[in-house]
There are 2 protein chains.
Amino acid sequence: MDVSADALMDIFKNRGIRSSYTRMRIMQYLMVNRNHSTADEIYGSLVEEIPTLSRTTVYNSLHAFVEAGLARVVTIEDNEARYDADISDHGHFKCDSCGRIYDFTVDVDCIQPKALEKFRINQRDVYFKGICLGCLDNK
Amino acid sequence: MDVSADALMDIFKNRGIRSSYTRMRIMQYLMVNRNHSTADEIYGSLVEEIPTLSRTTVYNSLHAFVEAGLARVVTIEDNEARYDADISDHGHFKCDSCGRIYDFTVDVDCIQPKALEKFRINQRDVYFKGICLGCLDNK
DNA sequence: TTCCATATTGTAAACATTATAATGTAGTAT
DNA sequence: ATACTACATTATAATGTTTACAATATGGAA
């Protein structure tokens with residue numbers, strides 16, 4: 001699944017954020033590597049190709065994407081923020097053994113807490129943890 | 001809601017972790033202040049009463065509690081871990097305006113993702129964000 | 001009371017993230 | 001096309017949270 005530069009420029013323009021080569025490469029990375037990368041993983045991969053890349057730029061860009069609704073932060077682990085370009089409603093499962101993060105579909109509408117009836121809910125996150133099938137089989 | 005030292009010593013003994021004054025005070029703090037405190041908030045409160053208290057001890061104790069199943073980590077925000085002595089199944093709502101964290105009851109059994117059918121699920125977290133009623137009324 | 005495993009402490013280090021100020025660039029207006 | 005302006009990028013330094021480590025103190029069993 002590749003993403004053309006033209007398509008990205010359109011997406012950025014629609015969301016009101018400026019296009020740049022770096023920003024496009026970061027967004028492409030998120031869209032191609034759907035592995036819920038950390039900012040540092042993105043930096044480490046892209047700096048080989050863009051030697052002048054700065055960590056701050058990665059953080060700035062990711063924040064801009066989140067603000068613009070183009071990506072979500074996944075805080076399933078307490079010591080690092082991960083980023084996900086899939087903004088459709090879905091949950092995340094983290095395997096405590098191999099560390100992989102799996103997506104799964106969730107009907108968030110089945111969660112309608114009475115305590116929040118009059119609250120304005122902007123974001124719903126569902127995080128599960130345990131052992132994935134592959135790691136269970138390896139024992 | 002107060003918690004006697006005797007009751008706490010029993011709880012610790014049942015879970016196989018050693019009792020100590022510091023540890024009991026940290027657990028009491030979590031059980032009385034059900035406000036999903038950060039490690040630093042707990043340290044800041046207790047150090048007035050236990051001047052020799054060390055941050056490391058707070059972290060160690062909290063980790064021990066989580067390991068023993070006496071507390072849960074709430075990672076609703078990406079830059080800080082919060083701790084919750086309420087280990088019953090419930091979700092967390094964070095108000096983006098006032099920052100308060102609300103509990104709400106969730107029927108987690110209504111979430112049965114097919115993709116995870118053969119996975120072992122050990123922990124389920126539901127995090128919502130938005131604006132709470134109080135903050136909505138203040139506008 | 002003695003002893004050992006473990007808890008506590010202080011310091012320093014690791015780690016992720018943010019602040020700042022100078023420089024570079026995209027995109028609009030001229 | 002050119003110039004201009006707002007914004008993106010960069011390097012460095014600082015912040016904030018959490019962990020590593022080694023010395024000391026303590027809980028609980030023998």
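By convention in this document, chain letters (A, B, ...) are assigned in the order of the sequence lines, proteins followed by strands, and residues within each chain are numbered from 1.
Among the atoms of the strands shown, only primed sugar atoms or phosphate atoms (P, OP1, OP2) are found under 4.0 Å from some heavy atom of S61(A). Within 4.0 Å of S19(A), counting heavy atoms only, lie sugar-phosphate atoms of the nucleic acid but no base atom. Nucleic acid contact for T56(A): base, since at least one base atom lies under 4.0 Å from a heavy atom of the residue. In this structure, T57(B) reaches the bases: a heavy-atom distance under 4.0 Å links it to at least one base atom across the strands shown. As judged by a 4.0 angstrom heavy-atom cut-off over every strand, A81(B) is placed among residues touching the sugar-phosphate backbone only.
Along DNA chain D, the nucleotide nearest S20(B) and the nucleotide nearest N60(B) are compared for position; the residue whose nucleotide lies closer to the 5' end is N60(B). Along DNA chain C, the nucleotide nearest to R82(A) and the one nearest to T52(B) differ in position, and the one closer to the 5' end is contacted by T52(B). In terms of position along DNA chain C, the nucleotide closest to R23(B) lies nearer the 5' end than the nucleotide closest to the other residue of the pair R23(B) and N79(B).
Between R34(A) and D103(A) no salt bridge is recorded (no basic side-chain N to carboxylate O distance below 4.0 Å).
Between H63(B) and Y59(B), the ring-plane angle classifies as tilted under the 30° and 60° cut-offs.
One atom, CZ of F12(A), and another, P of dA8(D), lie 11 Å apart when rounded to the nearest Å. Rounded to a whole Å, the CD atom of E77(B) is 13 Å from the C1' atom of dT17(C). As rounded to whole Å, 15 Å separates atom C1' of dG24(C) from atom CG of L53(A). Rounded to whole Å, atom C1' of dT8(C) lies 17 Å from atom CZ of R25(B). Atom P of nucleotide dT28(C) and atom NZ of K13(A) are separated by 6 Å, given to the nearest angstrom. For R55(B) and dT15(D), the CZ to C1' distance is 13 Å, given to the nearest whole Å. Per the geometry, OH belonging to Y21(B) stands 20 Å off P belonging to dA25(D), to the nearest Å. Put simply, CG on D78(A) is 15 Å from C1' on dG16(D), counting in whole angstrom units.
Annotation for R124(B): atom CZ counts as buried by contact number, over 12 foreign heavy atoms lying within 6.0 Å.
Centroid-to-centroid, the aromatic rings of Y29(A) and Y83(A) stay 6.0 Å apart or farther. Here F119(A) and F128(B) keep their ring centres 6.0 angstrom or further from each other.
For the pair Y59(B) and dT18(D), the criterion of a side-chain N or O lying under 4.0 Å from OP1 or OP2 is met. For dT19(D), one of the phosphate oxygens OP1 or OP2 lies less than 4.0 angstrom from a side-chain nitrogen or oxygen of H63(B). Taking 4.0 angstrom as the limit, R18(A) places none of its side-chain polar atoms (N or O) nearer than this to OP1 or OP2 of dG27(C).
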